[in-house]
Amino acid sequence: MNLAQFRQRGPFEWEMPQHGAMRVPGVIFASRELLEAMDAKVGEQLANVAGLPGIVDAAYAMPDAHWGYGFPIGGVAAFDADEGGVVSAGGVGFDISCGVRSLHTGLKEADIQRVQERLADVLFRRIPAGLGSTGALRLTGAEMGAMLRGGAKWAIEQGFGSLEDLARIEEGGCMAGAVPAEVSAEAKHRQRDEMGTLGSGNHYLEVQVVDELFDLTAAQAYGLAVGDVLATLHCGSRGLGHQIGTDFLREMVIAAPRAGIALVDRELACAPLNSVLGQSYLGAMRAAINCALANRQILTHLARAAFAELFPGIQMPLLYDVSHNTCKEESHIVGGERRRLFVHRKGATRAFGPDHPELPSEYRTVGQPVLIGGSMGTASWVLAGAGGSQSHAFASACHGAGRAMSRHEALRRWQGRSVVDELARRGILIRSPSLRGVAEEAPLAYKDVSAVVEAAEQAGLARRVARLRPLVCVKG
């Protein structure tokens, strides 16, 4: 990245002043080292996002930002419908509501070490993973509609979990405003066999141990202590979300000129929020959010059953479930005025600070848990939404390490078997149906997640609470 195009606003905050067609500035939260290492395309895409109609305040990028489709991954932008604001399918992404869910196990590291190989095998057997993986469910048309309306609530009604889970899921486990009729028949067909599956790419189920605590007050509120074992899921809306993105991007490209929107990049195809097409997309996208929430709920049930094979009677309550790749209508103060905005977070996580009314009561004094996945074999993190985060990028934070190189380049550098063997020597067991997929997700194909998390904290986006060390990883 060329730093000459930025003005430094703080040690971890960089502004790209308005130029050309930009309606607002661009802002990146990062250390100098992270910013310099970013692909120049991130700056170009950030400037393009800043030129979209109705954008408010600034176009933001998180410390893990890298080149994406239209928006940079790690991009955040909010739009005002009353000022001609738009919704962009590329600004949400293809894996709609991909997110992270962590579960307490009540176990300690020594408990896992005694059965580590067996646990890895049981999880791999019970959790469908990989490209084209299918689950035990096959949804009828009526069941598909109910799932798209009900999200995790629907899954619990089918016996996958308990009502207590809902309090620790964004939106209470069900996104309002979903319109299954706006989801194409092809998208529904792709999803009918994929409920309760991880999928491929960077999706995983990981068994982790709390290695170090940084904020003891927040850790106590979250129920975390050194040596505690968590189970963490990372996955999304599978084929349904991807097809919704494909369907609406095609429509938005055609419709944008009719709405007076000049696209500098076809990947930024969008529609006015108040248009028929904009409302149709929101209805379909919200249905995809519910699909992702239901999917993670079913996977939660499968993970609990796997642990119960080795630890009969185990209880695994949720720590939290948080999504990225969404557009949500939220209330934020901009320029001293409270406004209803549509906040796009692409590869970025909602990070509400303390006292936010949408948080579970037990977390309200310390802020929202923000779950940050590392690259395979490296640390993951639990953060807490910072007190000032409401005024930082619309209460958003990073979502992971962020890729440092393409999957093609990773395949050129590493072999999957050597990655598995090296991690095993470090006490981390990997199970995957694809050694090619393992090579694509090699740890060094990603940025240093600790540097990303430090930048997020120093920029005031979130506070570090706990670092998690991996023990077992089932990946797609």
Side-chain angles (χ1 to χ4, degrees), residues 15-27 43-61 68-72 75-93 96 175-179 182 244-245 247-289 325-348 350 390-396:
E15 179 185 287
M16 176 189 294
Q18 286 179 245
H19 63 274
M22 293 173 66
R23 301 168 190 259
V24 294
V27 175
E44 179 185 327
Q45 290 187 320
L46 196 65
N48 290 343
V49 172
L52 289 173
I55 190 168
V56 172
D57 194 38
Y60 293 99
Y69 188 96
F71 276 53
V76 177
F79 299 85
D80 190 328
D82 295 331
E83 295 187 357
V86 297
V87 60
S88 169
V92 171
I96 298 170
M175 185 73 203
V179 184
E182 299 292 355
I244 288 171
D247 292 340
F248 279 92
L249 277 163
R250 188 182 301 121
E251 289 190 55
M252 288 176 176
V253 166
I254 296 170
R258 299 188 206 131
I261 300 171
L263 297 176
V264 295
D265 181 351
R266 285 171 58 91
E267 294 181 0
L268 281 179
C270 56
L273 283 157
N274 289 334
S275 69
V276 172
L277 180 56
Q279 289 298 305
S280 295
Y281 174 73
L282 288 174
M285 182 211 64
R286 290 163 178 161
I289 291 175
N325 295 358
T326 60
C327 173
K328 292 190 175 180
E329 186 177 2
E330 297 172 355
S331 174
H332 291 279
I333 296 176
V334 180
E337 175 189 1
R338 184 164 292 280
R339 300 165 68 173
R340 294 297 297 179
L341 303 172
F342 288 79
V343 183
H344 293 61
R345 296 185 179 94
K346 180 177 183 176
R350 194 191 74 178
Q390 301 305 110
S391 59
H392 283 68
F394 309 103
S396 305

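The residue from R339, R338, R340, R345 that alone fulfils the salt bridge (charged side-chain N to carboxylate O under 4.0 Å, His left out) condition with E330 is R345.
The two residues V56 and F394 have their closest heavy-atom pair at O-CZ, 3.6 Å. Smallest separation of non-hydrogen atoms from V24 and A59: CG2-N, 3.8 Å. Of all the heavy atoms in T326 and M285, the pair that sits closest is C-SD, 4.4 Å. Closest non-hydrogen pair, G70 versus D265, comes out as CA-OD2, 4.4 Å. Of all non-hydrogen atoms in E15 and P17, the two that sit nearest each other are O-CD, 3.4 Å. In plain terms, the two heavy atoms of A50 and I55 that are nearest each other are O-CG2, 3.6 Å.
Atom OG of residue S88 and atom CG of residue L52 lie 6.5 Å apart, to the nearest 0.5 angstrom. For the atom pair I96 CD1 and C327 SG, the distance stands at 10.5 Å (nearest 0.5 Å). Separation of atoms CD1 (I333) and CG (D57) is listed at 12.5 Å; rounding is to 0.5 Å. Note: L249 CG to Y281 OH = 7.5 Å, rounded to the nearest 0.5 Å.
In this structure the side chain of V49 reaches within 4.5 angstrom of the side chain of L268, judged on heavy atoms. L263 places a side-chain heavy atom less than 4.5 Å from the side chain of C270. Side-chain atoms of H344 and V87, non-hydrogen and from C-beta on, do get closer than 4.5 Å to each other. Residues L277 and M252 have side chains in contact (heavy-atom distance under 4.5 Å, counting atoms from C-beta outward). Looking at E329 and R286, their side chains come closer than 4.5 Å, going by heavy atoms from C-beta outward. Side chains of E182 and Q279 form no contact here, defined as non-hydrogen atoms less than 4.5 Å apart.
Between F71 and F79, the ring-plane angle classifies as tilted under the 30° and 60° cut-offs.
The closest donor-acceptor contact from the side chain of Q18 to the backbone of R23 lies under 3.5 Å. Counting only distance, with no hydrogens or angles, the side chain of N274 and the backbone of A81 share a donor-acceptor pair below 3.5 Å. Side-chain N or O atoms of H332 include none that pairs as donor or acceptor with a backbone N or O of L341 at under 3.5 Å. Not a single donor-acceptor pair under 3.5 Å links the side chain of N325 to the backbone N or O of K346. Of the possible donor and acceptor atoms, none in the side chain of E267 sits under 3.5 Å from a partner among the backbone N and O of G90.
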Exercise. Show your reasoning for whether side chain to side chain contact (heavy atoms under 4.5 Å, CB included) applies to K328 and M175.
Key: CA-CA 10 Å; K328 292 190 175 180; M175 185 73 203; 4.3 Å; yes
